[in-house]
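What follows is one structure encoded as structure tokens, with my remarks underneath.
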Number of protein chains: 2
Amino acid sequence: MVRVIPSTAKHAHRDSHDLTERLRAAGLRPTRQRIALAGLLFDQGDRHLTAEDLHSEAARAGVKVSLATIYNTLHQFTESGMLKQVAVDAHRSYFDTNTGSHQHFYCEDDGALIDIPGEAIAVSGLPMPPKGMDVERVDVVVRIRKR
Amino acid sequence: MVRVIPSTAKHAHRDSHDLTERLRAAGLRPTRQRIALAGLLFDQGDRHLTAEDLHSEAARAGVKVSLATIYNTLHQFTESGMLKQVAVDAHRSYFDTNTGSHQHFYCEDDGALIDIPGEAIAVSGLPMPPKGMDVERVDVVVRIRKR
DNA sequence: CTCTTATTTAGAATGCTTCTAATCTGATTG
DNA sequence: CAATCAGATTAGAAGCATTCTAAATAAGAG
Ligand SMILES: [Mn+2]
Ligand SMILES: [Mn+2]
Ligand SMILES: [Zn+2]
Ligand SMILES: [Zn+2]
């Protein structure tokens with residue numbers, strides 16, 4: 001039995017409206033699939049997840065989306081700055097909903113990523129990049145293991 | 001026409017002897033394949049290369065080694081501390097012959113890796129790792145692009 | 001509503017890596 | 001210097017994440 005709580009319903013409606021605007025602003029048509037995926041991605045704080053993660057999460061939420069669309073969407077969101085891609089492991093490719101400047105703990109045992117606030121960390125002594133090259137960003141990965 | 005220069009020949013001999021000892025020390029049988037690959041890897045300074053890189057380099061050098069052996073060897077060398085694996089890109093997996101503590105420039109355009117000496121860089125303000133976890137290493141990747 | 005074009009999709013294809021099971025080789029022993 | 005045997009190599013199959021293809025579908029404009 002499903003009970004609809006008015007305030008929640010209103011909130012959900014506002015969310016999907018916001019998401020629609022956000023997609024339009026990024027030059028992306030607010031399709032059923034993109035709205036649903038954006039909801040899963042951005043309605044619960046900072047997250048790190050793989051394409052497969054998002055795909056099964058969508059399935060669990062009753063949203064039917066093909067894996068091809070998952071990949072298309074993750075890449076489009078990344079291009080438009082709504083997501084950031086994190087490279088910590090040769091085999092897993094993570095997408096990060098926290099697009100601000102920050103760094104990560106990476107747990108080699110279970111593949112978990114934990115944010116380190118950008119203000120916390122400072123990298124000093126960086127040499128100049130080679131001639132004709134610009135620094136795009138500096139990534140710090142602190143690899144950790146269970147003791 | 002190939003001219004054999006005595007001192008080089010002697011040197012090559014010493015090398016293969018050294019490599020044999022090094023493999024034995026790592027608990028690895030000094031097989032024809034491992035000696036040849038170790039030669040390619042360690043006889044020309046610091047290098048960053050993929051399995052495919054090493055495979056074609058071996059072919060070019062006239063050493064017949066299967067791709068399976070390339071992978072086995074790279075992993076064994078990594079486990080025994082003769083190589084370090086570098087994760088900078090979800091698609092390419094690099095092995096680094098420089099096992100000392102150091103960091104990298106990563107060129108997003110062509111996938112090139114450039115060493116940054118460990119002494120040059122300092123990372124400050126690292127928070128404590130979560131309870132029960134140890135820091136294994138801290139990797140800094142400076143992502144650069146052609147201007 | 002109609003039309004145009006973007007988007008989605010299933011399934012095939014790709015590329016890198018790992019696995020399998022058969023063969024071979026290095027090292028030890030008699 | 002054989003015989004032996006565990007460890008190493010191999011070709012090819014399998015696996016897995018990701019990308020591609022071409023056909024079907026849905027969004028937005030008029
Ligand atoms: Mn909300
Ligand atoms: Mn030498
Ligand atoms: Zn993050
Ligand atoms: Zn290096």
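Just so it is clear: chains get the letters A, B, ... in the order the sequence lines come, proteins before strands, and each one is counted from 1. What you are looking at is a predicted structure, and each value in this text was computed from that prediction instead of being measured.
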Side-chain N or O of B:Lys64 closer than 4.0 Å to phosphate OP1/OP2 of C:dC24: no
Please report the distance, rounded to the nearest Å, between [atom1] in [X] and [atom2] in [N].
| X | N | atom1 | atom2 | answer |
| --- | --- | --- | --- | --- |
| A:Leu23 | C:dA6 | CG | P | 17 Å |
| B:His55 | C:dG15 | NE2 | P | 16 Å |
| B:Ile35 | C:dT25 | CD1 | C1' | 12 Å |
| B:Leu28 | C:dA27 | CG | C1' | 15 Å |
| B:Arg34 | D:dT10 | CZ | P | 11 Å |
| B:Leu37 | D:dA8 | CG | P | 14 Å |
| B:Asp53 | C:dT17 | CG | C1' | 15 Å |

Salt-bridge criterion met for B:Arg137 and A:Glu108 (N-O under 4.0 Å): no
Carboxylate-amine/guanidinium contact B:Asp134 A:Arg145, below 4.0 Å: no
Donor-acceptor check, side chain of [X] to backbone of [Y], threshold 3.5 angstrom: yes or no?
| X | Y | result |
| --- | --- | --- |
| A:Gln103 | A:Val140 | yes |
| A:Asp109 | A:Lys146 | yes |
| B:Arg143 | B:Val88 | yes |

Residue list, side-chain contact (heavy atoms from CB on, under 4.5 Å) with B:Tyr71, at least two apart or on another chain: B:Ala51, B:Leu67, B:His75
Reading 5' to 3' through nucleotides 12-30 of chain D, protein heavy-atom contacts under 4.0 Å coded B for base, S for sugar-phosphate only, - for none: -----SBBB------BS--
